[in-house]
Structures are given as C-alpha cells and as structure tokens.
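Residue numbers start from 1 in every chain, and the chains themselves are labelled A, B, ... in the order their sequence lines are given, proteins ahead of strands.
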Amino acid sequence: MKNLNVIDNLRPLPINFYYQPTLDLARSLLGCILLKDSPEGIAAGIIVETEAYIGPGDMAAHSFQNRRTKRTEVMFGLPGYTYTYSMHTHCLFNVVSGNVNEPEAVLIRGIEPFYNEDLIASRRDNVKKSKDWTNGPGKLTKALGITMNDYGHLLTKKPLWIAEKRSSNFKIEAGPRIGIENSGEAKNYPWRFWISDNKFISR
DNA sequence: CTCGAGATAGTCT
DNA sequence: GACTATCTCGAGC
C-alpha cells in the first residue's frame, strides 16, 4: 500500500503499561507517541519531557496529604486515565499512575511534533518558530486540541491515546521539577525527565 | 538567544 | 480571599 498512513502503524499501549511505579512510568513515557483525534483530524507528538508527582507525600502534588476533591478525584482511581487541570488560560495534561488510592500522576511537559504539523501550527496561531509550538505543558495541549473535556478519559483508545515508542535510541536526563519553589523538600527531588538534546523540552 | 515584565482564571480554604 | 504557573512579547545582547 503506497500511501500507508504513519498513524496506522501505531498501536495504543496496553493498559498494563500503566501499572508500573510512577518514576518508571515517567521514564517509560519518553519517546512514546501522544495522539489526539478531533473534527480537524489527528495530531500527534513524541513525548520528550515528563514530571512525576507522587502524592500523598509529595508537597508539589495536587493530591498531597490525600487531598481528594472534584479536581483530583481521577488520581485516586486506576492508572491509565487522563488527569487534566486548568492553569489560568491553559490546560495541562497528566497521565494517572499508581493503583486505586495511590494518587500519583505524570505531567507531560514537552512533545516533539510527529504527525499533522499543519494542524499543530494552525492551532498555535501566530507562532513562527516551530520549536515554540509544543515546548511547554500549556502549548502542547493547545497544539493537540486537548481540553478539560478529556478529563478522566482512558488512554488506550480514541480520541486520546498513547502509542508505543518507535525507538529507544536516546539518552534520558533527570533533574528537579519546574515551578514548585514553595514545595519544601520536594522541590529538590530529581523527578523531571527529558530526552537529551531535544529542542522541545520546556527549558 | 536570553531575560524579565505583564496578562491571564480557577480551585480550595 | 489566597494561592498558583504558563505564555507572549519586547528589549538587550
């Protein structure tokens, strides 16, 4: 078949992929493909930057001290679901990890455009440099069309899913997370992971 | 390219 | 009513 769509070669990761310790999951997600279907078509990117949040002992996590609210509810359930939350005008995308009553999650902070760059660019309006399309947690959700409507969606099926990585030929670096200055000890934990030398990391 | 200033809303106590 | 992180843009390098 001559015009085989690259997307057709990508299988969703099975649900058992999400049953691994959160720090392992944060590393495993690097290189995987995040896809979102919409009326405008499918857009996708390679995950290049993640952060682990391990409540209830992690001061930087929304689920710190088992704080269970309407917003954090999905984190208390099974892994493999979508946790979206809004930050001012932006929507941030997380993958729920940890089993029931283990409210943990992995925040996706950067992706590299992989499929349908035209759609990604148009959603990002006037931004001229391609490296600014998806190099931040709020930018990538806008680029893919991820919204609060995706809260609680299971990530093994459309319209929002994650596919296995196509290559493991990269180095992973780790360091402190971003934007959590007032989180006590937790601010020093090296729970941010990214692919070395990738230009779509957020900083 | 790097830096800093200004704009932006929703959640929870 | 306190708290918060991200994005954009423009200035200086």
Rounded to the nearest Å, what distance is computed from the [atom1] atom of residue [X] to the [atom2] atom of nucleotide [N]?
X      : N      : atom1 : atom2 : result
A:H62  : B:dT11 : NE2   : P     : 11 Å
A:K187 : C:dA5  : NZ    : C1'   : 16 Å
A:N135 : C:dC7  : CG    : C1'   : 10 Å
A:R177 : C:dA5  : CZ    : C1'   : 14 Å
A:L107 : C:dA5  : CG    : P     : 12 Å
A:K128 : C:dG10 : NZ    : C1'   : 13 Å
A:F93  : C:dA5  : CZ    : C1'   : 19 Å
A:Y151 : B:dT11 : OH    : P     : 11 Å

Next item on the list: Just grab all the ring pair (Phe, Tyr, Trp, His ring centres under 6.0 Å) pairs involving residues 86-120 of chain A, residues at least two apart or on different chains.
Entry: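 As it turns out, there is no ring pair (Phe, Tyr, Trp, His ring centres under 6.0 Å) pair with a partner in residues 86-120 of chain A once direct neighbours are skipped.
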
Run the side-chain donor-acceptor check on residues 100-109 of chain A: report pairs under 3.5 Å with partners two or more places apart or on a different chain.
residue	atom	partner	partner atom	Å
A:E102	OE1	A:N99	N	2.9
A:E104	OE1	A:T22	OG1	2.4
A:R109	NE	A:E49	OE2	3.1
A:R109	NE	A:S202	OG	3.2
A:R109	NH2	A:S202	OG	3.1

Margin query: If the condition is salt bridge (charged side-chain N to carboxylate O under 4.0 Å, His left out), which residues does A:R67 pass it with, not counting sequence neighbours?
Written below: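 Applying salt bridge (charged side-chain N to carboxylate O under 4.0 Å, His left out) to A:R67 gives none.
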
Item checked: By salt bridge (charged side-chain N to carboxylate O under 4.0 Å, His left out) - contacts of A:E40 (at least two apart) ->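 By the salt bridge (charged side-chain N to carboxylate O under 4.0 Å, His left out) rule, A:E40 matches A:R123.
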
Next item on the list: For A:A61, check side chain to side chain contact (heavy atoms under 4.5 Å, CB included) against everything at least two apart and list the hits.
Entry: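 Checked A:A61 against side chain to side chain contact (heavy atoms under 4.5 Å, CB included); matches are A:Y53, A:D58, A:S63.
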
Margin query: Run the side chain to side chain contact (heavy atoms under 4.5 Å, CB included) test against A:Q20 and tell me which residues pass, sequence neighbours left out.
Written below: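 With sequence neighbours excluded, A:Q20 shows a side chain to side chain contact (heavy atoms under 4.5 Å, CB included) to A:F17, A:D24, A:L25, A:S28, given in chain and number order.
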
Checklist line | side chain to side chain donor-acceptor pair (under 3.5 Å) against A:Y18, all qualifying residues, sequence neighbours excluded | finding: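 Residues passing side chain to side chain donor-acceptor pair (under 3.5 Å) with A:Y18: none at all.
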
Notebook entry, point to check: Taking C-beta and beyond as the side chain, do A:W161 and A:D37 meet within less than 4.5 Å on heavy atoms?
Noted result: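 They are in contact (side-chain heavy atoms under 4.5 Å apart), so the answer is yes.
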
Margin query: So A:I7 and A:L35, do their side chains get closer than 4.5 Å, heavy atoms only?
Written below: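 A side-chain contact exists here, since the closest heavy-atom pair is under 4.5 Å.
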
Item checked: Nucleic acid contacts - residues 189-203 of chain A versus DNA chain C, non-hydrogen atoms under 4.0 Å ->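 Output list: empty, so none.
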
Notebook entry, point to check: In residues 141-150 of chain A, what residues come within less than 4.0 Å of DNA chain C, judged by heavy atoms?
Noted result: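 Contacting residues: none.
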
Check: Between A:D125 and A:K142, is there a side-chain N and carboxylate O pair less than 4.0 Å apart?
Finding: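 Salt bridge flag = yes for A:K142 with A:D125.
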
Margin query: Regarding A:D150 and A:K36, does a basic nitrogen lie under 4.0 Å from an acidic carboxylate oxygen?
Written below: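 Yes, A:D150 and A:K36 are salt-bridged.
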
Strictly under 3.5 Å: I want the nitrogen or oxygen pairs between protein and nucleotides 2-10 of chain B, one per line.
residue	atom	partner	partner atom	Å
B:dA9	N3	A:H88	ND1	3.2

Under 3.5 Å, which protein N or O atoms sit close to an N or O of nucleotides 11-13 of chain C? Give each pair with its distance.
none

Check: Distance only, no hydrogens: is a donor on one side chain within 3.5 Å (strictly under) of an acceptor on the other, for A:K131 and A:N135?
Finding: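 No pair is found: no donor N or O on one side chain lies under 3.5 Å from an acceptor on the other.
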
Check: For the side chain to side chain contact (heavy atoms under 4.5 Å, CB included) test, which of A:T72, A:T69, A:N94 pairs with A:H62?
Finding: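 With A:H62 as partner, A:T72, A:T69, A:N94 yield a single side chain to side chain contact (heavy atoms under 4.5 Å, CB included), made by A:T72.
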
Item checked: Passing option when A:Y189 is tested against A:E185, A:K187, A:R192 for side chain to side chain contact (heavy atoms under 4.5 Å, CB included) ->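 For A:Y189, the side chain to side chain contact (heavy atoms under 4.5 Å, CB included) check succeeds only for A:E185.
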
Note to self: Does atom NZ (A:K171) have a neighbourhood of more than 12 heavy atoms from anything else shown, all under 6.0 Å?
What the structure shows: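 Not buried by this count: 12 neighbours or fewer within 6.0 Å.
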
Margin query: Around atom CG of A:D197, are there more than 12 heavy atoms from other residues, nucleotides or ligands closer than 6.0 Å?
Written below: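 At most 12 heavy atoms, drawn from other residues, nucleotides or ligands, come within 6.0 Å of this atom.
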
Check: Going by number, which of residues 64-77 of chain A have a non-hydrogen atom under 4.0 Å from DNA chain B?
Finding: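 Of all residues in residues 64-77 of chain A, the ones placing a heavy atom under 4.0 Å from DNA chain B are A:R67, A:T69, A:R71.
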
Note to self: For a quick check of understanding: with a heavy-atom distance under 4.0 Å over all strands, which category does A:R109 fall into, base, sugar-phosphate or nothing?
What the structure shows: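 The residue A:R109 makes sugar-phosphate contact but no base contact.
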
